Amino acid sequence: MSEVLVLVDHVDGAVRKTTTELLTIARQFGEPSAVFVGSGFDAAKDTLAEFGAAKVYRIESADVSDHLVAPTAEALAQLVERTSPAAVLIASNAEGKEIAARLSIKTGSGLITDAVAVAADLTTTQSVFAGSYTVQAKVTTGTPIITVKPNSATPEAAPAAAADEAFEPTISDAARAAKITERKPREKTGRPDLTEAAIVVSGGRGTNGDFGPVEAFADALGAAVGASRAAVDAGWYPHANQVGQTGKTVSPQLYVANGISGAIQHRAGMQTSKTIVAVNKDEEAPIFELVDFGVVGDLFTVLPQATEAIEKSKG
Ligand code: FAD
């Protein structure tokens with residue numbers, strides 16, 4: 001069976017959920033081989049094994065891990081050359097997409113970014129033009145390189161050996177031109193990562209700067225908090241939480257938009273969510289055109305009631 005290379009997305013060995021999704025997808029068309037760059041492999045090994053990585057290529061060289069994306073692309077290109085994999089799967093975040101693009105050039109292969117589904121025959125589904133079209137595409141040249149959005153698959157355990165092998169790529173001087181000088185961990189909120197969360201609760205201008213009810217509702221659901229650009233531009237919430245064309249793209253199981261009108265640039269970042277709910281006091285708000293469930297009402301009344309009901313149901 002061909003190998004499928006899966007680039008592991010992790011922080012010091014804490015494997016992100018997206019990687020377990022990629023391993024699950026990879027098993028449809030080959031044997032997943034994880035590619036682990038940096039330190040912390042011991043912490044990652046069990047998760048990689050649990051979700052079906054038969055092999056792990058461990059790249060610990062500082063020539064790769066102390067630099068930005070270019071050395072990782074070179075290392076992957078060398079692994080592609082060596083293993084002739086059925087495909088390379090990479091998480092669809094800014095870093096992943098840059099690595100994928102560089103890898104595509106280096107290997108002369110086709111690249112598909114932001115897939116929301118990958119079928120067993122490697123046909124991918126993308127949602128484009130702010131979700132107005134769904135595109136099915138397939139790489140026809142070289143090794144298919146595919147970046148996959150978070151929450152595109154449900155991670156399924158399939159225990160495997162995760163037999164690790166140290167891999168020492170040859171990294172060019174050009175690829176080492178930019179070096180990481182400092183890494184600062186993100187401020188911990190206790191909430192899940194916005195792009196990986198199964199539930200996202202967002203607030204817009206309708207919050208009038210008070211995100212309290214939005215955060216309380218999010219916490220009752222174990223959700224991440226998002227914000228519209230209007231809320232971010234007003235300084236009410238950090239840009240890191242902005243959802244939309246110039247913010248993050250999310251695709252959770254459930255997206256709850258509160259006091260958000262539903263502008264096209266906001267939709268671009270959330271309309272592939274599986275179930276969409278909106279709370280808005282204007283029944284004509286465009287967001288209601290795309291929701292599965294809509295509540296016409298004041299978020300300052302609706303959200304505390306919903307939060308209380310959820311807390312009660314927990315007993
Ligand atoms: P508004 O459009 O002002 O809507 C507020 C809504 O809240 C209204 O529908 C109102 O009825 C409702 N409301 C008010 N009070 C209450 C209440 N008490 N209870 C319930 N509902 C209430 N926007 C993004 O979000 N993300 C982006 O990444 C983004 N990128 C952009 C890029 C470009 C190039 C441009 C030009 C714009 C971009 N925008 C983006 C901005 C976008 O066009 C909208 O201006 C923005 O999304 C509006 O935010 P909003 O829905 O919170 O505010």
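Keep in mind that what you see is a predicted model, and the values were worked out from it rather than measured. Numbering of ligands and ligand atoms starts at 1, following listing order.
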Side-chain contact, heavy-atom cut-off 4.5 Å: V148 with E21? no
Here the atoms of ligand 1 under 4.0 Å from any heavy atom belonging to G247 are 28 (O)
Without hydrogens or angle criteria, can the side chains of E196 and T18 be said to hold a donor-acceptor pair below 3.5 Å? yes
Can an N or O of A285 be found at a distance shorter than 3.5 Å from an N or O of ligand 1? no
For residues V295 and I260: do they belong to one hydrophobic cluster (side chain heavy atoms under 4.5 Å, members Ile, Leu, Val, Met, Phe, Trp, Tyr)? no
Within a distance of under 4.0 Å, is there any protein heavy atom near atom 45 (O) of ligand 1? no
Show me which atoms of ligand 1 lie under 4.0 Å from any heavy atom of V243. 24 (C), 25 (O), 26 (N), 27 (C), 28 (O)
Sub-3.5 Å donor-acceptor pair from the side chain of D292 to the main-chain atoms of I276, do we have one? yes
Give the residue, atom name and distance (to 0.1 Å) of the protein heavy atom nearest atom 53 (O) of ligand 1. R205 CB, 3.4 Å
Of D282, N280, N258, which has the heavy atom at the shortest distance from atom 8 (C) of ligand 1? N280
Would you please say whether a donor-acceptor pair under 3.5 Å links the side chains of E3 and Y57? yes
Distance to 0.1 Å, residue and atom name: give those for the protein heavy atom nearest to atom 47 (O) of ligand 1. A263 CB, 3.8 Å
Starting from atom 19 (N) of ligand 1, what is the nearest protein heavy atom, named by residue and atom, and what distance separates them? L299 N, 2.9 Å
Would you mind reporting whether D63 and P71 have side-chain heavy atoms less than 4.5 Å apart? no
Kindly confirm or rule out an N or O of A231 lying under 3.5 angstrom from an N or O of ligand 1. no
Check ion pair K97-D114 (N to O, under 4.0 angstrom): yes
Considering only protein heavy atoms, which is closest to atom 30 (N) of ligand 1, and at what distance to one decimal place? T246 OG1, 2.6 Å
Enumerated ligand 1 atoms positioned under 4.0 Å from heavy atoms of A230: 48 (C), 49 (O), 50 (P), 52 (O), 53 (O)
The option among R229, Q265, Q242 carrying the non-hydrogen atom nearest to atom 28 (O) of ligand 1 is Q242
Taking 4.0 angstrom as the limit and counting only heavy atoms of S228, give me the atoms of ligand 1 inside it, by number and element. 25 (O), 49 (O), 50 (P), 52 (O)
Which ligand 1 atoms does G244 reach within 4.0 Å, using its non-hydrogen atoms? 26 (N), 27 (C), 28 (O)
Tell me whether the count of non-hydrogen atoms from other residues, nucleotides or ligands lying under 6.0 Å of NZ in K314 goes above 12. yes
For atom 21 (N) of ligand 1, the closest protein heavy atom turns out to be K281 N, 3.2 Å
Check S261 against ligand 1 and report side chain, backbone, both or neither, counting heavy atoms closer than 4.0 Å. both
Look at E95 together with R16 and state whether they make a salt bridge at an N to O cut-off of under 4.0 Å. no
Are side-chain heavy atoms of D219 and V201 found at a separation under 4.5 Å? no
Ligand 1 to D298, heavy atom cutoff 4.0 Å, flagged ligand atoms 17 (C), 18 (N), 19 (N)
Suppose I only count heavy atoms of G297 and a 4.0 Å limit; which atoms of ligand 1 are within that range? 19 (N), 20 (C)
Could you check if a side-chain atom of L89 sits within less than 4.5 angstrom of a side-chain atom of F29, using non-hydrogen atoms only? yes
Students often mix this up, so state it plainly: with edges at 30° and 60°, are the rings of F41 and F36 parallel, tilted or perpendicular? perpendicular
Within 4.0 Å of some non-hydrogen atom of G204, the atoms of ligand 1 are 52 (O)
Determine, for R191 against E215, whether the closest basic-nitrogen to carboxylate-oxygen distance falls under 4.0 angstrom. yes
If we only count N/O pairs under 3.5 Å, is G259 in contact with ligand 1? yes
Give the residue, atom name and distance (to 0.1 Å) of the protein heavy atom nearest atom 14 (C) of ligand 1. G206 CA, 3.4 Å
Say whether A257 and ligand 1 are in contact under the criterion: heavy-atom distance to a ligand atom below 4.0 Å. no
